[in-house]
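For reference, the structure I am asking about is given below.
Everything numeric here is computed off the predicted structure, so don't read it as measured data. Each chain gets a letter, A, B and so on, in the order its sequence line appears, and its residues count up from 1.
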2 protein chains.
Amino acid sequence: MSDNTPKFKREPAEHRREALINATLSLIAEKGVQAATVRAIAARADVSQGMIRHHFSSKEELITAAYEHHMDRLTDLTSASADADSGAAAAQLAAFVVASLTPPVVDAGSVSLWAGFLTKVHDDQQMRDSHERTYYNFRNRLEALIAAVLEEAGQPATPQQLRYLAIACNAVIDGLWLEGGILSGAFAPDELPEIGIRSVGAILGMDLTKAGQQT
Amino acid sequence: MSDNTPKFKREPAEHRREALINATLSLIAEKGVQAATVRAIAARADVSQGMIRHHFSSKEELITAAYEHHMDRLTDLTSASADADSGAAAAQLAAFVVASLTPPVVDAGSVSLWAGFLTKVHDDQQMRDSHERTYYNFRNRLEALIAAVLEEAGQPATPQQLRYLAIACNAVIDGLWLEGGILSGAFAPDELPEIGIRSVGAILGMDLTKAGQQT
DNA sequence: TTCGCAATCATGCAAGTGTATAATTACGAG
DNA sequence: CTCGTAATTATACACTTGCATGATTGCGAA
């Protein structure tokens, strides 16, 4: 009696890597980092646990890959809505801020993921590099937008000033994003983007509330 | 042959609890949450591992107690420097901001601790309550300071406006504190407090840079 | 001094961890 | 169709984890 039903399917390596990464992310978002064990990840991806070591040199490497995937996604989501706005620079900045402070970027799972990874930054050099890269990536985008807005308003700033402004605006957005994700019930739906727009505007010395509406 | 050297010493329960909490905190700050095992904590506190279950009903409870201890200490450090300033309300607020963005509050270990605990917030109700309490505690202090400053400047705000301002200022401080702790090398020593003072001032619509200097 | 008891310790256990290894099996090249 | 090989699985191993248990022992009360 020959068994014709295949016991498994050979998938392209990239598919498998992606599936494992997604399984890892959903697991961490739902139950925290400590729940992302080799066995749990494999089960969620519907493969045997050996697959992890076959496609990644260690579990740590899978975790790092998952972190980069997650952060890249967040960055893409925010950048996309800024790029989509073809209007004035102020409107683009406003769109960027709003996107950063609205679901799906603001999300309990996202913050949970981010926090979980943050604990690894402490003792993992590779993770530290990854975090640094992501941080500067986001901040530099923000700085470029700010530069354009100031230029547009006829108030060009020195590199030093620009740096300060970018760090400050980045901090507000990060802080709002964080608490919005953790204490999701503590804020009204449009409260966070509203506060974000006002605060970033105040820091830059201009009113962005108008810029956001004409989208 | 009678052995006169005592094999251990009986300590008041409060001493032991504190010792265990301190051991936990230093361990997490140095090597991350995952290093805070029952055995490691007991070793650092120079007691047997049984002590943990004797003085706390579970390891989780010890972790929670350590979190509250840590956050209370941070809150005390910042509040103290605001209270110490008997001058104008603006000066008190400035002192509060500066203290929040200067060592020992800004510290890699502190952030590491905070991040580690944050991952527990996700699935532990008690931890979630604790986090919420700490957050509102800090924000309410900030809101009171802001109210005083606006009052002083003759620009009283509505409760609604006050709430927005407190959330925004809290967010900048949190964001700066965070990145300052993680990317400690990325900022010059006085950069963070400088940016903090300027940004909070900008959000409130006033110049706090002068207020801070006359301390 | 003696004695009881709570504080402390030493040891063990069951469950779960990441990783290593060898046996299977799908599937394209020849 | 056959067959080599890389993908996949199944299983086992060494180790760590939090917690439980029962034996010690310091120390105040009597």
Expressed in angstrom and rounded to an integer, what is the separation of A/K7 atom NZ from C/dT24 atom C1'?
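Atom NZ in A/K7 sits about 8 Å away from atom C1' in C/dT24.
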Could you check A/N22 against A/E18 for side chain to side chain donor-acceptor pair (under 3.5 Å), going step by step and ending with a plain yes or no?
CA-CA 6 Å; A/N22 285 333; A/E18 203 175 333; 4.5 Å; no
Can you measure from CG (B/L113) to CG (B/L74) and round to the nearest 0.5 angstrom?
8.5 Å
Any donor and acceptor pair, going by atom type alone, linking the side chain of B/S26 with main-chain N or O of B/A23 inside 3.5 Å?
yes
Interface with DNA chain C, restricted to residues 8-37 of chain B and to heavy atoms under 4.0 Å
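The stretch gives B/F8, B/K9, B/R10, B/E11, B/R16 as the residues lying under 4.0 Å from the strand, ordered by number.
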Would you kindly check whether a donor in the side chain of B/R39 faces an acceptor in the base of D/dG18, or vice versa, at under 3.5 angstrom?
yes
If pairs are Watson-Crick or G-U with both distances under 3.5 Å, what is the dot-bracket string of DNA chain D, marking crossing pairs with [ ] and pairs to another strand with |?
||||||||||||||||||||||||||||||
Please list every donor-acceptor pair under 3.5 Å in which a side-chain atom of residues 46-57 of chain B meets a protein atom from a residue at least two apart or in another chain.
{"from": "B/R53", "atom 1": "NH1", "to": "B/S57", "atom 2": "O", "distance (Å)": "2.4"}
{"from": "B/S57", "atom 1": "OG", "to": "B/E61", "atom 2": "OE1", "distance (Å)": "2.6"}

Would you tabulate the side-chain donor-acceptor contacts of residues 171-184 of chain B under 3.5 Å, counting partners in other chains and residues two or more places apart, or write 'none'?
{"from": "B/W177", "atom 1": "NE1", "to": "B/V105", "atom 2": "O", "distance (Å)": "2.8"}

For A/Y135, give me all partners under side-chain hydrogen bond (donor to acceptor under 3.5 Å, both in side chains), at least two apart in sequence or on another chain.
A/R139
Check this for me, if you would: do A/E132 and A/R128 make a salt bridge, where the nitrogen-to-carboxylate-oxygen distance has to be below 4.0 angstrom?
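No salt bridge links A/E132 with A/R128.
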Below 4.0 angstrom, N of the basic side chain to O of the carboxylate: do B/E30 and B/R44 qualify?
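Yes, charged N to carboxylate O under 4.0 Å.
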Thinking salt bridges, do A/E191 and B/R163 make one under a 4.0 Å N-O criterion?
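Judged by the 4.0 Å cut-off on N to carboxylate O distance, A/E191 and B/R163 do form a salt bridge.
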Reported OH-to-NZ distance for the pair A/Y67 and A/K120, which is rounded to 0.5 angstrom:
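Reported to 0.5 Å precision, the distance equals 13.0 Å.
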Here the residues of residues 44-63 of chain B within 4.0 Å heavy-atom distance, strictly under, of DNA chain D are B/Q49, B/R53, B/S58, B/K59
